[in-house]
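Inspection log for the structure reproduced underneath, given as structure tokens.
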Amino acid sequence: MDYKQTLNLPGTEFPMKANLARREPAVLAHWQQTRLYEQLRAARAGRPRYVLHDGPPYANGEIHIGHAVNKILKDIINKSRLLDGFDVPYVPGWDCHGLPIELAVEKAQGKPGVDGARDFRRACRAYAEAQVARQREDFIRLGVLADWEHPYLTMDPAYEADIVRALAQIVANGHLQRGAKPVHWCVDCGSALAEAEVEYAEHQSLAIDVRFSCPEPEVLFARLQHAPEGKGDGPVSVVIWTTTPWTLPANQAVAVHPELDYVLIEVEGAQGRERLVLAQAEVDAVLARWGIETHRVLAYGPGAALEGVRLRHPFQAREVPMILADFVTTGTGTGLVHIAPAHGPDDYAVGQRNALPVDNPVGPDGRYFDDIPDLAGKPVLTAHDAVLDLLKTRGSLVHVERLRHSYPHCWRHKTPVIFRATPQWFIAMDATGLRDTALDEIARVTWLPAWGEERIRGMVAERPDWCVSRQRLWGVPLALFVHRRTGTLHADTVALMEQVAARIEQAGVQAWFDLDPAELLGAEAADYEKVNDTLDVWFDSGVSSAAVLERREELGFPADLYLEGSDQHRGWFQSSLLTAVARRGEAPYRAVLTHGFTVDEKGQKMSKSRGNVVAPQAVVDTLGADVLRLWVAATDYRAEMAVSQQILSRISDAYRRIRNTARFLLANLKGFDPATDALPAPELLSLDRWILHRADVLQERLRDAYTRFEFHRVYQDVHNFCSVDLGAFYLDVIKDRLYTTPADSRARRSAQSALYHLAEALVRWIAPVLSFTAEEIWRSLPGARAESVFLAEWHVLPEVAPDEALWARVLAVRECVGPELERWRVATGAGANLEAEVSIYAGQELFEALQPLAGELRFALITSEAHLARETARPPEAVHATLDGGDELWITIRPAEHAKCPRCWHRRADVGSHPDHPELCGRCASNVAGPGEDRQWA
């Protein structure tokens, strides 16, 4: 007889080889054909909603690994909330206006002429549409479930109209102001930059010490206390230190700190004897820098005493005052700061307090205006030599050196930017209390990780007014009318903006640029100027809380969660916060989650020049999206996220472990109908009850980890359960019972019932992460079910009464016996543990604990025999071991001397005892031709 035919051999159509790159597109096609997203919304109608609002990626270029991380994290969260039973609408979006698109179109077809703005905008729109389509396909391929047919685009006319409406609300609340303030200005962009468009990089500057001579030394002396050495000899000057020599033409003052101590010293330098004012704390460092070894102090006093002293500009025929400023510090420089209100926010602020002029000598091209003596037409960033020549000629230059330091750069061009005062529109941070309200709202939001709160709080507390105007073509207009003489907004601005928004909603932003002001203003049109500046694109995306959350019925304000990279504390998180607070006084989100940036396995930034770029498209096309998704989940995204081919290879191994575990479960459910074959919890064998209890405990831990966004815990716990609890123990032990007991016996049905519940639970545990694989498993599971795993909720595992203490001891015993069996096999050349018989000699407590299992202990240890005896019977050669709980045992191993049963491969004394099946052991004979064996425990 071929006894193999009597075994319950496993079988499943769920393949061992994943072939994800080939199979995943078919799953996507099925989702699209069945309109899964719409099914999910319909199935959860009326349930509590969970809204994760999508921060829009920029519609330019292919998605990179950072984009993939972001969308996958969002998808994991949304899918876990689906399993929690929430209604989870998810509307993806794109940021579609702005300079990068303008530059791409300019590169393709040249700069627009005087009359070509309309066609240029049309080309920008077409370019953005193509980029959106390209990126959307890549995001869909990652397995992200979303309303892909109805995304939000900041260039949609309805969205553009809502941008104007949001600005109107901000105008109505008094937050919009116009003024000539210094802003970050990119010479290459020819436009102001937002804070979020500036990045800091190392830069080499000239650091110079400059004399501002004092035309009336007696006034300065009168303000200070005199030292015994007398008044000294030589001209009197104060000395400033600056790393931006190009800003000196705009100097309007020299600032000192009111509470710092300053001294007038006499030195002998390259120009002979002179008297100089320095901060007392800086004297030694400054003189060392200049190479001067001796000096004497002539006078001293606090900075407050110097306020109002007049100084000569170092190379222009005018005087400037000494003023007080709390931001002056020591540690670098001289303790005196040159003030150019046109070239810095601190300088501007202190200039306003002291009624200083805001004279800007620099044009939008980054060159000095033609009326600037000696510097006309020179690019400021390369005008250092010309400025130094002026200083040398006037005798104002004290010292020059080169300095490497952090300097603001344009994030697009990677070139240094300048501060430049220009007429711009600002959202005021302090004039109407916006800053204070925003800080209050920050405290009401949950920030994850927690350090995000201090990060954004510090940024909002220190940031200048928000310059929201840009001098570009491809963007949403400010849609304002300004009185030509007074510079004030039209009295009916808010109502007029609504009329403009209605036109834009029908025809897009071109409706504003084509608008004849007389159509709205009538006879007043001649008195008003139409503002043609466009809005900062951070304003566009920031007001998505109005244009998307408030507009789309399925969403709602505020969102439950915003999730982006950690750089968005100064980007979208902040622009969203400020616009929402400026509109309606509250934050647009209840919680904010951030993730780190991707780096290679050495922690280096990815770049094509280094050859360490990992393209998500390449990963998806080779390993599959699920492997990429598993890497995202496995990595603690709160820090930098390392990725490389080697790391992905290790993740692939982990994926295979999970997949193979699922395949084992499915293969051994062949022929199992849960409706008729599943046993109730009280009838399950002890080991099966135990594993279901372990699964139930794990499920609670996993649900908690998903809720806390700790996906690396999900990965670790699931992988560990598959590897240790199942692979290294439970599944190994029950193979014998699954394969050899009668097909419909309690022993086998108990194991299958447990496997069924484990499979139902496992498919849901992994579904938010391994979405494609979960769908494959779902279709292979027995029993009636919904069309997709995402239409299900968490599996309810049976309530069982596990013998926890018993199985904890069994596991501990296995850990002791396992290494001894390994050593025995090596020493004897035995091929498997079933070639052995094990004897365990236990202390009284352990003996009594294991006694109920004694008859089935061999199945738990996977040996042909396992004897349990008291320690008093142990032979001298027994190997001693101690369990974690302190129990002692002694182990002996010897070869199993009996014949081998060809059906179960156990070596048993009763092989040949059955007359009709002389080759089989007694229990196999019973399983084939008798009532079947009885199992209670294993």
Side-chain angles (χ1 to χ4, degrees), residues 51 53-56 91 93 95 97 152 154 156 158-178 194-196 425-445 456 459-460 463 465-469 475-480 489 492-502 504-505 531 533-553 555-562 568 570-592:
V51 177
H53 182 40
D54 189 36
V91 179
D95 204 354
H97 295 122
Y152 76 88
T154 61
D156 281 344
Y159 192 109
E160 292 173 330
D162 281 342
I163 294 173
V164 173
R165 292 187 179 105
L167 181 63
Q169 289 178 284
I170 292 170
V171 170
N173 291 335
H175 298 299
L176 189 71
Q177 297 181 350
R178 192 185 193 190
E195 290 288 309
W425 293 91
F426 297 85
I427 293 178
M429 293 298 297
D430 299 305
T432 48
L434 177 58
R435 190 189 310 275
D436 289 341
T437 308
L439 291 172
D440 288 343
E441 285 301 297
I442 287 171
R444 295 187 178 95
V445 173
I456 194 168
M459 291 176 173
V460 171
R463 68 160 295 145
D465 292 342
W466 179 6
C467 177
V468 293
S469 52
V476 176
L478 271 78
L480 302 171
L489 290 175
D492 296 328
T493 289
V494 175
L496 289 168
M497 292 179 79
E498 175 52 43
Q499 293 182 56
V500 173
I504 289 176
E505 195 157 12
V531 176
D533 285 353
T534 57
L535 279 160
D536 174 15
V537 292
W538 288 102
F539 187 92
D540 288 13
S541 58
V543 299
S544 62
S545 63
V548 182
L549 292 179
E550 292 177 18
R551 272 286 183 176
R552 302 217 18 179
E553 185 180 351
L555 300 178
F557 183 104
D560 292 289
L561 183 67
Y562 277 33
Q568 296 307 314
R570 68 187 184 99
W572 189 58
F573 297 153
Q574 196 173 145
S575 65
S576 297
L577 173 73
L578 295 180
T579 53
V581 171
R583 287 190 309 107
R584 52 186 292 169
E586 57 183 314
Y589 35 65
R590 295 187 178 97
V592 173

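Only a predicted model underlies this, so the values are computations on that prediction, with no experimental measurement involved.
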Distance-only polar pair, side chains of His97 and Thr534, donor-acceptor under 3.5 Å: no
Test item: Ser575 side-chain N/O and Trp538 main-chain N/O as donor-acceptor pair under 3.5 Å: yes
side-chain contact (heavy atoms from CB on, under 4.5 Å) between Met497 and Leu480, worked out: CA-CA 7 Å; Met497 292 179 79; Leu480 302 171; 3.8 Å; yes
Check: Ala587 main-chain N/O paired with Glu441 side-chain donor or acceptor under 3.5 Å: yes
Residue of the set Val460, Thr579, Ile442 for which side chain to side chain contact (heavy atoms under 4.5 Å, CB included) holds with Gln574: Val460
Distance, nearest 0.5 Å, that separates CG of Asp162 from CD of Gln169: 9.0 Å
All salt bridge (charged side-chain N to carboxylate O under 4.0 Å, His left out) counterparts of Arg590, not counting sequence neighbours: Asp560
Check: Ser544 side chain, Ser541 main-chain N or O, donor-acceptor pair, under 3.5 Å: yes
Salt bridge (charged side-chain N to carboxylate O under 4.0 Å, His left out) partners for Asp54, two or more places apart: Lys71, Lys74
Atom of Thr437, atom of Gly585 and distance for their closest heavy-atom approach: CG2-O, 4.0 Å
Distance, nearest 0.5 Å, that separates CD of Gln568 from CZ of Phe573: 6.5 Å
Donor + acceptor pair across side chains of Asp536, Trp466 (<3.5 Å): yes
Rounded distance (nearest 0.5 Å) linking atom CD1 of Ile456 with atom CG of Leu439: 9.5 Å
Heavy-atom closest contact (Ala166 atom, Phe539 atom, distance): C-CZ, 4.5 Å
Residues that Arg584 engages under salt bridge (charged side-chain N to carboxylate O under 4.0 Å, His left out), provided they are two or more places apart: Glu550, Glu586
Aromatic plane relationship, Tyr589 with Tyr562 - under 30° parallel, 30 to 60° tilted, over 60° perpendicular: perpendicular
Shortest non-hydrogen contact from Ser469 toward Asp533: CB-OD2, 3.8 Å
From CA spacing to verdict: side-chain contact (heavy atoms from CB on, under 4.5 Å), Leu535, Trp425: CA-CA 9 Å; Leu535 279 160; Trp425 293 91; over 6 Å; no
Polar side-chain atom of Asn173 near backbone of Arg583 as donor-acceptor pair, under 3.5 Å: yes
Shortest non-hydrogen contact between Ala161 and Ile504, atoms and distance: N-CG2, 3.7 Å
Any donor-acceptor pair under 3.5 Å from Thr154 side chain to Asp540 backbone: no
Gap separating the CE atom of Met459 from the CG atom of Leu577, nearest 0.5 angstrom: 12.5 Å
Heavy-atom pair with the smallest gap, counting every atom of Val494 and Ala172: CG2-CB, 3.7 Å
Check against side-chain contact (heavy atoms from CB on, under 4.5 Å), Val468 and Leu176: CA-CA 9 Å; Val468 293; Leu176 189 71; 4.1 Å; yes
Approximate separation, where rounding is to 0.5 Å, of Asp436 CG and Asp430 CG: 7.0 Å
Atom pair CZ/CG of Arg463 and Leu578 - distance to nearest 0.5 Å: 5.5 Å
Shortest non-hydrogen contact between Pro588 and Ser576, atoms and distance: CG-O, 3.6 Å
